[in-house]
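No hydrogens, no waters, no symmetry mates; every other heavy atom, side chains included, goes into these values.
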Amino acid sequence: MELERLLKALGEPMRLKIFQCLLERKHCVRSLSRKLGVSESAISQHMRVLKEAGLVYGEKYGYHTHYLPRQEAVVFLAEQFCGMESRSAALDRERTVCQCEFRKEGNNL
């Protein structure tokens with residue numbers, strides 16, 4: 001999985017809202033449309049992007065498809081953000097200058 005691809009898909013506010021709704025329970029396009037006040041065709045387009053990114057999948061029930069988040073995508077995102085949190089917590093915030101590899105000793109840029 002690519003973090004950039006997942007974040008790009010979730011970077012659009014409506015897709016993020018859709019994804020958050022799917023974390024609560026299964027939804028079909030009509031259900032999401034009514035819940036979010038957006039046309040069914042707009043929801044379908046957003047679902048296409050979320051599916052292509054690997055964030056959601058659908059289960060067919062007759063003519064309807066009920067969507068759910070891909071558990072492996074949720075776990076991947078959680079791991080990535082936990083790693084970011086760990087690196088941020090370990091960061092020396094008291095350091096007064098950067099450790100720029102382009103800075104030469106004694107040269108104040």
Side-chain angles (χ1 to χ4, degrees):
M1 283 190 179
E2 296 177 39
L3 182 60
E4 183 179 335
R5 186 175 183 184
L6 299 178
L7 293 179
K8 187 175 181 180
L10 292 173
E12 203 286 322
M14 183 54 64
R15 285 195 290 270
L16 180 59
K17 287 179 187 175
I18 290 169
F19 192 71
Q20 289 172 321
C21 288
L22 296 176
L23 290 169
E24 296 169 4
R25 69 176 183 88
K26 292 179 186 180
H27 282 279
C28 65
V29 169
R30 180 171 288 167
S31 171
L32 287 166
S33 172
R34 289 182 179 167
K35 182 177 179 85
L36 299 172
V38 179
S39 71
E40 290 183 29
S41 61
I43 295 291
S44 292
Q45 291 301 312
H46 288 303
M47 293 307 300
R48 180 183 55 78
V49 173
L50 292 171
K51 284 189 332 190
E52 287 175 357
L55 286 162
V56 301
Y57 70 99
E59 296 176 345
K60 283 290 249 183
Y61 293 95
Y63 292 108
H64 299 280
T65 301
H66 293 192
Y67 293 96
L68 291 159
R70 287 196 176 281
Q71 187 61 30
E72 58 270 19
V74 174
V75 168
F76 177 78
L77 285 169
E79 288 170 348
Q80 294 299 308
F81 281 106
C82 283
M84 289 179 204
E85 190 274 333
S86 296
R87 289 190 301 276
S88 179
L91 185 64
D92 181 3
R93 296 180 185 279
E94 301 302 317
R95 195 172 226 4
T96 57
V97 295
C98 76
Q99 294 174 320
C100 181
E101 61 268 14
F102 300 108
R103 183 175 300 179
K104 297 187 180 186
E105 288 294 321
N107 185 5
N108 296 328
L109 296 176

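Summarising the geometry, atom CZ belonging to Phe19 is positioned 10.0 Å from atom CE belonging to Met47; distances are rounded to the nearest 0.5 Å. The line from CZ of Arg25 to CG of Leu23 is 13.0 Å long, rounded to the nearest 0.5 Å. The NE2 atom of His64 sits 14.0 Å away from atom NZ of Lys26, with the distance rounded to the nearest 0.5 Å. Here CE of Met1 is found 7.5 Å from CZ of Arg70. Values are rounded to the nearest 0.5 Å. Residue Gln20 holds its CD atom at 10.0 Å from CG of Leu22, rounded to the nearest 0.5 Å. We find the CG-CD distance between Leu55 and Glu72 to be 10.0 Å, quoted to the nearest 0.5 Å.
Heavy atoms only, all atoms of each residue included: Ser88 and Arg93 are closest at OG-NH2, 2.6 Å. In terms of heavy-atom proximity, Leu6 sits nearest to Phe76 at CD1-CD2, 3.5 Å. Among all heavy-atom pairs drawn from Pro69 and Val74, the shortest one is CB-CG2, 4.1 Å. In plain terms, the two heavy atoms of Lys35 and Cys21 that are nearest each other are CE-SG, 3.3 Å. Summarising the geometry of Ala9 relative to Val49, their closest heavy-atom pair is CB-CG1, 4.1 Å, with the distance given to 0.1 Å.
Between the side chain of Glu12 and the main chain of Arg15, a donor-acceptor pair closer than 3.5 Å is present.
A salt bridge links Glu52 to Arg48: at least one charged side-chain nitrogen sits closer than 4.0 Å to a carboxylate oxygen.
Listed by first and then second residue, the ring-ring contact (aromatic ring centres under 6.0 Å, His included) pairs that reach into residues 22-63 are Tyr61-His66, sequence neighbours excluded.
Within the 4.5 Å cutoff, no side-chain heavy atoms of Val29 are placed close to those of Thr65.
In the hydrophobic clustering of ILVMFWY residues, with side-chain heavy atoms under 4.5 Å counting as a link, Val75 and Leu10 come out apart. Under the 4.5 Å side-chain heavy-atom criterion for Ile, Leu, Val, Met, Phe, Trp and Tyr, Val56 and Leu68 are members of distinct hydrophobic clusters.
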Stepwise side-chain contact (heavy atoms from CB on, under 4.5 Å) check, Lys51 with Tyr67: CA-CA 9 Å; Lys51 284 189 332 190; Tyr67 293 96; 3.7 Å; yes
side-chain contact (heavy atoms from CB on, under 4.5 Å) assessment of Lys17 paired with Val38: CA-CA 11 Å; Lys17 287 179 187 175; Val38 179; over 6 Å; no
side-chain contact (heavy atoms from CB on, under 4.5 Å) between Ile43 and Glu40, worked out: CA-CA 5 Å; Ile43 295 291; Glu40 290 183 29; 5.6 Å; no
